[in-house]
Amino acid sequence: AVLLAVFWHLQAKYQAFREGAEESWRHDGDAQRSAAGMLDALAEAPEGERVKYARQVVQIMRDFPTKGVIQQKGCLALESICRAQRGNPSRVQRAGAIPVILAALESHPKVRAVQRAGLSAM
């Protein structure tokens with residue numbers, strides 16, 4: 001029982017450390033610029049290859065939920081993937097895009113660029 005309590009305590013400390021590290025990373029300007037650059041570069045990718053990046057786009061949007069620019073660029077990237085080839089919308093949906101787009105719309109109700117991009121992506 002004591003060993004279990006020690007394990008639980010160490011696990012809780014590690015989880016708190018991890019959450020703190022993730023939170024500081026979300027506010028890292030370099031990480032945000034890198035994510036925005038990746039989303040912008042997706043528009044230049046060949047249409048046939050864009051769908052490979054759907055999960056990455058969804059993850060970037062999850063990583064930066066409070067950053068309107070990232071949310072806008074993510075929605076635009078998802079729309080671009082969907083329009084690139086027949087069949088891509090269902091693959092984007094399976095990547096988890098719908099809840100992330102809805103979260104972007106709900107989190108940024110007064111940011112027109114996010115609203116426009118999110119609704120276009122739907």
Side-chain angles (χ1 to χ4, degrees):
V2 172
L3 189 57
L4 184 61
V6 169
F7 175 74
W8 183 83
H9 176 71
L10 290 175
Q11 185 178 14
K13 280 185 82 170
Y14 174 72
Q15 184 65 27
F17 169 76
R18 226 175 112 223
E19 288 173 1
E22 285 179 10
E23 189 60 32
S24 67
W25 179 78
R26 286 186 174 143
H27 297 291
D28 180 1
D30 289 336
Q32 293 171 33
R33 282 187 288 281
S34 177
M38 185 274 186
L39 295 172
D40 287 338
L42 184 62
E44 305 297 321
E47 289 185 354
E49 295 183 20
R50 289 182 191 169
V51 75
K52 295 190 299 189
Y53 302 105
R55 289 191 191 283
Q56 280 183 293
V57 173
V58 169
Q59 188 58 53
I60 288 171
M61 291 178 72
R62 285 184 183 138
D63 288 344
F64 298 100
T66 62
K67 305 301 176 190
V69 171
I70 300 290
Q71 297 302 304
Q72 176 207 7
K73 289 176 182 276
C75 288
L76 291 172
L78 291 171
E79 179 187 12
S80 172
I81 293 169
C82 287
R83 292 183 185 277
Q85 284 187 319
R86 182 179 222 116
N88 282 1
S90 62
R91 293 172 77 180
V92 168
Q93 181 181 3
R94 285 193 305 269
I98 302 299
V100 173
I101 294 169
L102 292 174
L105 291 170
E106 290 173 2
S107 297
H108 303 279
K110 295 183 179 181
V111 182
R112 285 186 188 156
V114 173
Q115 294 295 311
R116 194 174 301 122
L119 293 173
S120 294
M122 295 296 278

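Not a single donor-acceptor pair under 3.5 Å links the side chain of Ser34 to the backbone N or O of Asp30. Formation of a donor-acceptor pair under 3.5 Å by the Gln56 side chain with backbone atoms of Leu39 is not found in this model. Using modelled atom types, no side-chain atom of Asn88 and backbone atom of Val51 make a donor-acceptor pair closer than 3.5 Å. The backbone N or O of Leu105 lies less than 3.5 Å from a partner atom in the side chain of Gln115, making a donor-acceptor pair. Panel note: side chain His108, backbone Pro65; a donor-acceptor pair is recorded below 3.5 Å. Checking side-chain atoms of Arg50 against main-chain N and O of Ala45 turns up a donor-acceptor pair under 3.5 Å. At distances below 3.5 Å, not a single donor-acceptor pair connects side-chain atoms of Ser107 with backbone N or O atoms of Ala104.
The shortest heavy-atom contact between Val57 and Gly74 is CG1-O, 3.5 Å. Listed here is the closest heavy atom pair of Leu42 and Tyr53: CD1-CD1, 3.4 Å. In terms of heavy-atom proximity, Ala95 sits nearest to Arg55 at CA-NH1, 3.7 Å. Of all heavy-atom pairs spanning Phe64 and Ala35, the tightest one is CE1-CB, 3.7 Å. Between Gly96 and Val58, the closest heavy-atom pair is O-CG1, 3.8 Å.
Under the 4.5 Å side-chain heavy-atom criterion for grouping Ile, Leu, Val, Met, Phe, Trp and Tyr, Val111 is not connected to Leu119 through any hydrophobic cluster.
When Asp63, Val114, Ile60 are each tested for a side-chain contact (heavy atoms from CB on, under 4.5 Å) with Ile70, only one passes: Ile60.
Here Glu49 contributes atom CD and Gln85 contributes atom CD; the two are 10.0 Å apart, rounded to the nearest 0.5 Å. Considering CG of Asp40 and NZ of Lys73, their distance stands at 3.0 Å, rounded to 0.5 Å. Atom NZ of Lys52 sits about 10.5 Å away from atom CZ of Arg91, to the nearest 0.5 Å. With rounding to the nearest 0.5 Å, the separation of OG in Ser120 from CG in Leu78 is 12.0 Å.
Annotation: side chain of Ile98 is in contact with side chain of Met122 (closest heavy-atom distance under 4.5 Å). Side-chain contact between Cys75 and Glu79 is absent, with no heavy-atom pair separated by less than 4.5 Å.
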